[in-house]
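Dropping the structure in here first, questions after.
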There are 2 protein chains.
Amino acid sequence: MVKYQNIANELRKKIVSGEYPPGTQIALERELCEKYSVSRITVKRAVDELVKQGLIVKRRGSGTFVKSVEDSDMKALSMSRQFEGFTESYQGKKVTSKIIKFSIVHPKEDIAAKLLLKSDDFVYDVVRVRCALDVPIVIEYMKMPIQLIPGLKKEILKKSIYAYIQNELKLKIQSAHRRICAVMPSKEEKAYLGIESTLPLLEIEQIAFLDDGRPFEYSVSRHRGDKIAFKSVSVR
Amino acid sequence: MVKYQNIANELRKKIVSGEYPPGTQIALERELCEKYSVSRITVKRAVDELVKQGLIVKRRGSGTFVKSVEDSDMKALSMSRQFEGFTESYQGKKVTSKIIKFSIVHPKEDIAAKLLLKSDDFVYDVVRVRCALDVPIVIEYMKMPIQLIPGLKKEILKKSIYAYIQNELKLKIQSAHRRICAVMPSKEEKAYLGIESTLPLLEIEQIAFLDDGRPFEYSVSRHRGDKIAFKSVSVR
DNA sequence: GAGTGGTCTAGACCACCCC
DNA sequence: GGGTGGTCTAGACCACTCG
């Protein structure tokens, strides 16, 4: 662990724990330099992490202050390495998956383009219904290049693909580009998700990238509108 | 304009214009140092801006490469200062507003808490339907403290509140915390938005903060699912 | 082994806020 | 005027990739 991350983590703890309540000023950058025996640029990097996460604001000429964020958000913000599959975001709760489809196909042209593949390459074609505490929450349609993510099996799909990619394949996930909208479920989706009344779905179309910039996932997931919300902080 | 922003802008232009096509390696950090006669840390800041925007990836030991992003995304990413009201995100198109409600009230307890007010403070209570090219797109329910945003008038509501805040009041917007979900419209909303069939809405609940950390807006906006999508890039 | 980006230092000066 | 964060320098060493 590098210095600026340590400092960021310590500060974050103090904010989340309430040692720095909302609205209070935190230690000056130059004080933090002394306290941790680091240069000011290193302190700034640490503090900027928390700004990015939405926990604090800096005022030139005045100091750095804890933002007034609700407790629930506070925890969410401090946890969210913003990067997680469904399994991770439901940490603590029992997550299960029902596999509707698992095959290997050639990608359609538009998806091949998004994943930088040729139409005679192969991709996994996965459809899963994912449940938390045995309640269906989301149906997920996913395409992944078999070259990049070899060895995918049903057993893995039942758990977490992201865990497999990171822990077994030792690949790192760099970023995800998302498009979020609202849609109505099809009849099949209503059945899979156990929806009886009129309930909209939150659709997230995602292209996810590895560390080296290669796209490794194209997916569309449709979440029950009454069970899921997507949170985001944008700064500057 | 500071140095790192200039460098970031120049690089962004080269990427968006196609001078650096997707997948290509961009100039080395040490080369950019020489080219712009700046230190390496300054170059890194510039390059990191573009990483944050999702345009490029850095590979330690190899170099920095343009991500393969669709052209439409490319422009969106490079534009999006991620910060905009509805008016700004529809730049170029004619945006109009119909004011459904504009009054001054005491905030309810939960909203007072979110805006750091007491229940005997006052807030504007605004409901607007906003249209692009005269087509209703979104209905917006907004509360704003009158102390922070004085002088709001109907004329302003018809245009852009954000423009008023930034250009007239000279206040700066620092961040927004959002919660996004999918809902069904009420009867009134269907009427206001001209919805006849079964169409879901994308709901965005937002608390927006000024430069100095004070929350100045609590709003819930409900967008026609067939007209609007929300885009987001998350890195690391 | 040569070359890349990642982290870090110990300063410096500037822009801004508040007294 | 005194103190804050913002930007920047000119180095240094480290971790990683690749041939």
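Every chain is numbered from 1 and lettered A, B, ... according to where its sequence line falls, protein lines coming before strand lines. Because the structure is predicted, anything quoted here is derived from the model rather than measured.
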Could you tell me which residues satisfy side chain to side chain contact (heavy atoms under 4.5 Å, CB included) with Thr24(A), sequence neighbours excluded, listed by chain and number?
->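 Side chain to side chain contact (heavy atoms under 4.5 Å, CB included) check on Thr24(A) returns Tyr20(A), Pro21(A), Val66(A).
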Can you check the Leu32(A) CG to dT9(C) P distance for me, whole Å?
->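 The answer, rounded to whole Å, is 13 Å.
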Distance in angstrom units between Ile56(B) CD1 and dG5(C) P, rounded |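 My rounded result for the distance is 10 Å.
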Between dC8(C) atom P and Arg45(A) atom CZ, what is the distance in whole Å?
-> 6 Å
Quick one: is the NZ or CZ of Lys3(B) closer than 6.0 Å to the six-membered ring centre of Tyr36(B), and within 45° of its axis?
->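 Because its charged atom misses either the 6.0 Å distance or the 45° angle limit, Lys3(B) does not stack over Tyr36(B).
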Nucleotide dG6(C), atom P - distance to CE of Met1(A) in whole Å = 18 Å
Candidate nucleotides dT7(D), dC8(C), dT4(C), ranked by approach to the side chain of Val2(A) - the nearest = dC8(C)
Considering just the side-chain nitrogens and oxygens of Tyr4(B), establish if one lies under 4.0 Å of OP1 or OP2 belonging to dT7(D).
-> yes
If you restrict it to nitrogen or oxygen atoms, what contacts under 3.5 Å exist between nucleotides 11-16 of chain D and the protein, and what is each distance?
from	atom 1	to	atom 2	distance (Å)
dA15(D)	O4'	Arg60(B)	NH1	2.5

Give the rounded distance in Å between these two atoms: CG of Asp48(A) and P of dC8(D).
->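 Rounded to whole Å, this separation is 14 Å.
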Separation of Lys44(B) atom NZ from dC8(D) atom P, in whole Å?
->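 So the two atoms are 15 Å apart, to the nearest Å.
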What does Val38(B) touch in the nucleic acid at a heavy-atom separation under 4.0 angstrom: a base, only the sugar-phosphate, or nothing?
->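 Result for Val38(B) = sugar-phosphate.
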Applying salt bridge (charged side-chain N to carboxylate O under 4.0 Å, His left out), name anything that partners Arg59(B), two or more places apart in sequence or on another chain.
->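 Applying salt bridge (charged side-chain N to carboxylate O under 4.0 Å, His left out) to Arg59(B) gives none.
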Could you pull out all donor-acceptor pairs under 3.5 Å where a side-chain atom in residues 141-152 of chain A meets a protein atom, sequence neighbours excluded?
from	atom 1	to	atom 2	distance (Å)
Tyr141(A)	OH	Glu189(A)	OE2	2.6
Lys143(A)	NZ	Asp125(A)	OD1	3.1

For Glu29(A), all residues meeting salt bridge (charged side-chain N to carboxylate O under 4.0 Å, His left out), sequence neighbours excluded = Arg40(A), Lys58(A)
Thr42(B) side chain N/O closer than 4.0 Å to the phosphate oxygens (OP1, OP2) of dT7(D)?
-> no
To the nearest angstrom, how far is Lys58(A) atom NZ from dC16(C) atom C1'?
->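 Distance, rounded to whole Å: 14 Å.
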How is Lys3(A) classified with respect to the nucleic acid when contacts are heavy atoms under 4.0 Å: base, sugar-phosphate, or nothing?
->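 Sugar-phosphate: the residue Lys3(A), judged by heavy atoms under 4.0 Å, touches backbone atoms but no base.
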Separation of dG5(D) P from Leu11(A) CG (nearest whole Å) |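 About 12 Å, once rounded to whole Å.
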Return the 5'-most residue of the pair Leu28(B), Val43(A) with respect to DNA chain C, ranking by each residue's nearest nucleotide.
->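 Residue closer to the 5' terminus by nearest nucleotide: Leu28(B).
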With no hydrogens and no angle check, do the side chains of Thr96(B) and Arg130(B) hold a donor and an acceptor under 3.5 Å apart?
-> no
Report the residues that fulfil side-chain hydrogen bond (donor to acceptor under 3.5 Å, both in side chains) with Asp211(A), sequence neighbours left out, ordered by chain and then residue number.
-> none
